[in-house]
Structures are given as structure tokens and as C-alpha cells.
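Chain naming here is simple, since letters A, B, ... match the order of the sequence lines and numbering starts at 1 in each. These values consider heavy atoms only, across backbone and side chains, with no hydrogens, waters or symmetry-generated copies.
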Amino acid sequence: MIEPDIDPKLLKPYDPKETEDRIYKMWEESGFFNPDVCIENGIADKNAETFSMVLPPPNVTGTLHLGHAATLTIEDIMVRFARMQGKRTLWIPGTDHAAIATQSKVEKILDKEEGKRKTDLGREEFLKRVEKFAQESHDTIVTQSKKMGASLDWSREAYTLDEERNFAVRTAFKKMYDDGLIYRGHRIVNWDPKGQTVISDDEIVYEERKAKMYTFRYSKDFPISISTTRPETKVGDTAVAVHPEDPRYKDYIGKTYTIEDFCGVKLEIKIVADNSVEKDFGTGALGVTPAHSQIDAEIAFRHNLPTKQVINEFAKMTVGDERILNKKTTEARTIIVEWLKNEELLENEVEVDQNISTAERTGGIIEPLPKLQWFINVNKKIADRDDKTLKELMLDAVRGGGINIIPDRFEKVYYNWIENLRDWCISRQIWYGHRIPVWYKGEEIYCGVEAPTGEGWDQDPDTLDTWFSSGLWTFSTLGWPDLNAPDFKTYHPTNMLETGYDILFFWIARMILMSTYILGEVPFKNVYLHGLVRDAQGRKMSKSLGNSLDPLELTGKYGTDAVRMSLIIGTGPGNDTKMSEDKIRAYKNYANKLWNITRFVLSSTEFIKYNDDFKDYTERESTLIEERDALIKEITKEMEEYKFYLVSEKIYQYTWSRFADVIIEESKDIFLNGTETDKNSRAQFLLNTLTKILKNLHPFMPFVTEEIWSLMPISNKKLLIVESWPKSTSL
RNA sequence: GCGCGAUUAGCUCAGUUGGUAGAGCAACCCGUUUACACCGGGAAGGUCGUAGGUUCGAGUCCUACAUCGCGCACCA
């Protein structure tokens with residue numbers, strides 16, 4: 001049955017290796033990833049509806065993992081669908097400098113390979129190393145993204161730390177500074193002794209551990225016992241707080257006790273009454289350490305208590321005699337507990353579960369310290385924004401319906417986060433990042449987009465939290481601060497922000513903050529949150545478990561289309577996806593099935609000339625078309641509702657179980673025994689339906705569909721990537 | 001402590017406004033003069049986490065509870 005003039009390619013199984021790079025190159029050369037080119041070529045009307053989206057910029061800390069592959073796939077599906085609908089479609093690529101993450105990665109490499117620390121190199125030389133590393137990571141990321149088939153407009157690629165973005169950052173900072181939203185303050189901050197920097201509340205990861213809670217008195221004649229899991233901080237206590245209504249301690253309120261020798265340290269302890277103390281917790285009395293606890297600092301503020309720092313940036317003791325001075329906090333703890341025992345001051349010790357704060361990036365145990373840092377005030381009323389605070393702006397953006405979050409249960413999570421939000425600490429004591437645009441000269445302070453003129457100005461040595469620049473991403477990539485930049489005018493607010501739910505607070509919330517404040521408009525109209533990619537047993541993929549799958553290895557083995565399908569099918573928004581090689585294999589087979597379907601269809605319909613407008617279908621084909629078009633209608637609606645997991649499965653189902661197993665099978669009989677009319681009708685139908693399958697499937701499996709498309713006997717073909725999404729209006 | 005999610009065939013998941021359960025993978029049987037063995041045909045497999053409730057009717061709605069996972073808060 002196979003005619004000799006069919007493309008010989010089709011005689012062999014589908015070979016993604018031979019196909020994918022060639023196809024991607026063809027797309028790139030066409031320029032169709034760029035909406036301007038699409039308009040020039042009449043693919044999108046110059047006034048067509050827009051669809052714009054930024055790619056969540058991957059951190060330049062190495063290579064892409066399956067989570068990135070999932071992001072790229074979901075977004076590429078959205079983008080290809082929009083493009084096929086004739087929209088002016090823009091998808092912006094970029095990478096994130098990821099300040100702390102990148103710097104600590106390079107520090108590790110430097111230590112491992114050369115046994116050096118960053119201070120051995122100095123700021124300038126160290127930064128060169130980081131930049132080199134970042135560049136290499138960037139190149140890998142770009143190659144991998146292309147391998148996934150992502151139809152990103154590379155001509156608009158951006159970096160969170162490049163010139164344009166730096167200018168945007170300085171402009172945004174200056175505006176916030178002038179509006180009094182950015183301030184410098186002496187506060188208890190989260191200090192990471194390992195990374196030697198401050199971090200924000202959101203960069204803390206809690207780890208549950210067993211700890212000992214000790215109950216003791218400062219001295220024999222001190223009237224109240226207190227409990228703590230950190231006895232070493234007690235050398236910094238300046239008060240004991242009790243509940244005002246607690247009859248046990250009422251008589252002591254207001255008195256001050258001097259403890260001459262607490263393991264070599266003299267203490268002045270005042271008894272204060274504070275409503276924040278719970279009577280029923282522990283002894284009902286709380287030793288107040290204003291310098292090393294956020295809550296204690298608040299109590300100290302209310303009662304005007306002195307603050308006494310006893311721990312430094314290296315988590316070592318700064319007071320006491322040789323027993324504890326310069327000792328690590330953990331060593332000092334043991335020593336003080338021993339001392340309490342010897343002095344018979346320790347009343348009991350109990351094992352408790354404790355959540356310990358660690359730094360997300362370095363794993364260091366957080367040491368609360370009083371430090372002078374830069375903050376964003378989230379509770380200050382902003383005159384330009386109807387006297388709303390940043391918190392209120394962020395709340396209103398979602399509550400008012402300007403931003404729609406999918407799945408919507410995350411809206412609650414978002415509200416909850418905002419309600420608990422405190423001022424955002426934005427300064428970091430690391431070298432890699434945007435330098436704070438503030439200069440000092442003696443008592444003078446200057447904030448500006450450019451450095452001040454004149455002699456003797458020193459720039460603040462700190463850099464900004466990486467999320468500060470990420471927060472500007474939807475508009476800093478579109479030409480802002482130039483409000484007349486064509487991209488900014490055309491594509492902002494963006495239509496969609498698609499990312500993993502794990503960075504809802506880190507990133508999405510910050511973009512909403514920046515955009516509603518700076519521009520007075522939302523950064524995006526829709527948020528689509530996908531889940532984590534897990535292994536077949538549902539475990540998180542990690543190097544230590546040895547269960548992580550490398551996307552490049554998988555695409556090499558099974559083809560990109562198969563990997564994409566397996567990342568989509570069975571994955572609703574907000575739910576985690578389980579990945580296994582078995583699953584990918586199934587879709588590799590599917591790509592090949594499609595290939596063989598094509599082989600049959602092309603070779604058995606060579607006797608006709610394909611006519612896209614063919615009308616003389618027999619009864620049988622008319623029924624089949626009705627069925628097919630009902631499906632197209634259904635999946636088009638689901639595409640618009642972002643239900644890609646349903647669409648991909650339905651197309652799979654139709655092509656395999658219906659088109660191949662039933663329709664093609666019965667076609668064999670028709671071509672053998674049918675009338676000329678029957679044969680014609682069937683041949684036209686097969687070709688017509690195959691073209692529709694290819695179009696519907698293209699966003700999901702772009703490579704194999706584009707390759708087959710090139711073999712189709714259709715006149716006036718464009719590349720499939722810019723063909724029109726099928727309308728279900730035929731007949 | 002507050003909140004969220006999950007619980008449906010061995011595994012992964014669908015199940016739209018309530019009408020007595022579906023798909024893929026795996027396993028089982030049969031089949032290669034066939035577009036495709038990266039295949040076809042067939043059969044098998046579920047008291048829908050538990051207990052109540054609403055309803056003519058519940059996998060679907062309501063209430064408890066259980067197990068797992070997650071977020072936030074607390075963490076003296």
C-alpha cells in the first residue's frame with residue numbers, strides 16, 4: 001500500500017534527536033517568537049489582542065531541573081496557543097542573579113577548589129569570579145530552555161542585574177526613599193552567621209528539632225524562676241516580664257534586682273508587667289533579652305528597658321570572663337548549664353520540640369541581632385495612592401479582582417501572609433547584587449539614581465535583597481522607567497504570571513507590591529500556580545536521595561515532546577506532579593504513533609488532491625466531523641480555562657483510541673471496497689482531521705507536530721507555530 | 001494553635017451544575033502476510049479514607065473523625 005514517493009523519513013520510527021534541534025533553529029530563524037515579526041508578516045494584526053508573560057527568571061546557580069522544565073512547558077503551551085489565536089504574543093526570557101544563592105555557591109566552589117575565602121580575593125576580584133560563574137550558568141540555562149522547545153523572544157532577554165535593570169532598581173529605590181517608604185533603622189534582624197548577612201522573614205526555613213528547656217533562677221535570692229532553651233542569652237537579660245494579673249508575681253512588679261555574678265556577668269533585672277506574657281506557659285515569667293529576641297525587644301521598647309548585646313555576628317559571646325567570652329553560643333550554653341547546676345540554681349530540664357530558624361540558602365542557624373538596616377515600611381500611608389499602605393495595596397489588588405489567582409484557594413494563603421507581614425528588610429551584607437544607591441559623608445546622607453557629585457562620598461556597602469529587583473520584573477523588562485517605551489505601553493500589565501506556588505510570597509507578592517505602588521496598576525491579570533515535580537513515590541527530588549531526573553537526559557532519551565506531555569498530563573494547577581520514566585515512555589510511544597498515523601494517512605490518500613474546503617462528505621464522514629468538532633470546541637474552551645491536563649489527555653485519547661484504532665481501521669475497508677465517492681470523502685476527512693490534530697496538539701508537542709506538518713500535502717502552508725488554532729465551525 | 005490540600009482500580013490521576021464509577025501505566029490471555037510490536041484484540045481489576053446527615057438519588061453537598069502532605073503562627 002505504501003507508495004514509493006512518500007517521504008522516506010516516515011518509513012522509520014520518529015527520531016526526536018534528528019528533528020528537534022533542526023526545528024528549533026527553523027523557528028528561531030523565522031523570528032516568530034518575536035511579536036513584532038509576527039505583525040510584519042501578517043500573522044498577528046497590529047491591533048490584535050495581546051498576550052504577554054514574563055518567564056520566571058531561573059537563578060544563575062547552575063542548571064535547570066524538572067521544575068523549570070514544567071514551568072517552561074506550561075508557559076510555552078499558553079504562549080503557543082495565544083500565538084495560534086492570532087494574538088500579539090510576547091514571552092520574555094531572563095535570568096535572576098539570585099544574590100545570596102549565587103554568592104554562596106561561588107564561595108563553596110572557591111573554598112573547595114582553592115581553599116580560599118572571598119575576603120582573600122577582595123570585593124572586586126570575587127565579583128569577577130561570581131560573574132564568570134553566573135555567565136556560565138546563564139549559557140547552560142539558555143541552551144536547556146531551547147531544548148525544551150520554549151518559544152521565548154530571545155531578542156528581549158533580560159538579566160536582573162544588567163544595566164537596564166540596575167537603572168530600574170535605582171529609580172524605584174529613590175522613589176520609595178523620597179516617599180518615606182524606605183528607611184534605615186536599628187532593629188532586631190535575622191542574622192545568618194554562616195552567610196554573614198541579614199535575611200528577611202521569608203527567607204527563614206523552620207526545622208523541627210529536639211531541645212532542652214531549662215528552668216532556673218538567676219541567683220539564690222532572686223524571687224522568680226524563668227525557663228529558656230537558650231541559657232547563654234540570659235547574660236543579656238535586663239528584665240523579667242510577668243502577666244499584670246498574675247497573683248504569684250504581683251508584689252515584685254517594678255522592683256529591680258542586681259545579680260552580682262551570673263556565670264561571671266553582672267545583671268540588673270527589673271520585673272515588669274506585660275500583657276504579652278502567658279500565665280500558664282512555663283513558670284509564667286519570661287526572661288527578657290532585648291538584644292537577641294524580636295519579642296523581647298518589643299517588650300523592652302514598651303518598658304523602656306536597656307538593650308545589652310551579648311552575641312556577635314559570628315555567633316560568639318561578647319561578655320563574661322574566660323569561661324564564656326568568645327565561645328560559640330552552643331559551647332557557652334553547655335558551660336552556663338553546668339554552672340547553674342553547680343550553683344544549685346537549675347530547677348529542671350525538659351526535652352521539648354522546637355522550631356529552629358535556619359537560613360534558606362546557607363542552612364545557617366539564625367541569630368537575632370540588633371543591627372542598622374534598610375527596611376520597606378508596609379504600614380505607611382501613601383499620599384499618591386489614596387492614602388493606602390503597601391499592605392492595603394497588595395490586598396486590594398487581589399481582593400478587588402484586578403488579579404485572579406488560579407487555583408483560587410491560594411488567594412486565602414496570600415491574604416493570610418499579608419496580614420502577618422512586617423516591614424521588609426531589604427539590605428544584605430553580601431557583595432553580589434544591586435548596591436544600595438545611598439551615599440554618606442560624615443552626618444550627611446544622599447539617595448539618588450546617580451552618585452552625588454563632590455568629594456568624600458562613600459556608597460553604602462550593602463546590596464539589595466534579590467527580590468527587590470525581581471519585584472520590578474514585569475515592567476523593568478518592558479522598558480520602564482521610560483513610560484513611553486513601546487513595549488511597556490503595549491504589554492503592561494501582563495496577562496499571565498505562571499510559576500510554582502512555593503514563590504507566591506517571595507516573588508508574586510513583591511511584584512504586586514512594586515507594581516501597584518510604583519505604577520498604580522497590577523503587574524499581571526492572572527496568576528497560574530503549578531505544583532512541585534516529585535518522583536514516582538511522591539518524594540521531593542533531591543541529589544541526596546539520588547532520585548532527581550535530569551531534563552536534558554530525559555529529552556535525549558525520549559524526546560522533548562514526550563517529556564512535555566508527561567509533565568502536563570495528570571497535573572492540575574496547584575497540585576504536585578509525580579514523574580517517572582514509565583510515564584514519559586508512554587508519550588514517546590505516542591509521538592511515534594502519530595508518526596505512523598501520518599504514514600498511513602499520507603500513503604493511503606495520495607490518489608486525491610487535498611482540499612481544505614471540501615464539502616461533499618458522505619453521511620459517515622459528516623457524523624465523524626460532528627464528533628471531532630464537538631471535541632475541538634470542548635478543548636478550546638478548556639484551553640481558555642488553562643485546563644491543559646484535560647486537553648492533552650483528550651487529544652491523546654482521540655488520536656489513539658478513536659482516530660487510529662477505529663477510523664483508520666475502517667478506512668482500510670473503505671479504500672479496498674468503497675465507491676469512488678466513499679474513498680474521496682474518507683481521504684479528504686483523514687487529511688483534514690490530521691491537520692486539525694496537529695494544530696491542536698502543537699502547543700503540547702511542538703516538535704513532532706511541526707515536523708509532520710512539513711510533510712503534509714497542503715498548499716500555502718505557513719510554519720505550524722503560526723498556523724491558526726482550528727475553529728470548530730466546519731459544517 | 002489557625003488554615004489549606006489530598007484520600008477513587010496495583011501505581012498515577014480524571015470525574016464539569018448531585019443521576020448507582022473512567023483513562024493511562026503496570027500485570028494477565030491471545031495475536032505478527034497488518035500504518036505502527038514504540039503495535040492490535042480481549043478479559044480482569046474499585047463497599048470512591050471512616051462515621052453520620054441532607055436528598056427520590058451522594059465519589060460529587062453538609063458535619064465530625066482518621067491518615068498523609070503543606071503553609072502560617074507560636075516556640076519563655
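Using bins of under 30°, 30° to 60° and over 60° for the plane-to-plane angle, the ring pair A/F410/A/Y501 lands in the parallel bin.
For the P atom pair drawn from B/rC39 and B/rU47, the interatomic distance equals 31 Å after rounding to whole Å. The P atoms of B/rC25 and B/rA64 are separated by 41 Å, rounded to the nearest whole Å. As rounded to the nearest Å, B/rA21 and B/rU33 have C1' atoms that lie 42 Å from one another.
Close to B/rG24, at under 4.0 Å from its OP1 or OP2, lies no side-chain N or O of A/K583.
Here B/rG22 presents its C1' atom at 19 Å from CH2 of A/W656, a figure rounded to the nearest Å.
Residue contacts for A/Y652: at a heavy-atom cut-off of 4.0 Å it reaches the sugar-phosphate backbone alone, with no base atom in range. At the heavy-atom level, A/V352 lies nowhere under 4.0 Å from the strands shown. A/T215 comes within 4.0 angstrom of nothing in the nucleic acid, heavy atoms only. A/A285 comes within 4.0 angstrom of a nucleotide base, judged by non-hydrogen atoms across all strands. At the heavy-atom level, A/D661 lies under 4.0 Å from the strands shown only through sugar-phosphate atoms.
Residues A/F700 and A/R564 come closest through the heavy atom pair O-NE, 3.0 Å.
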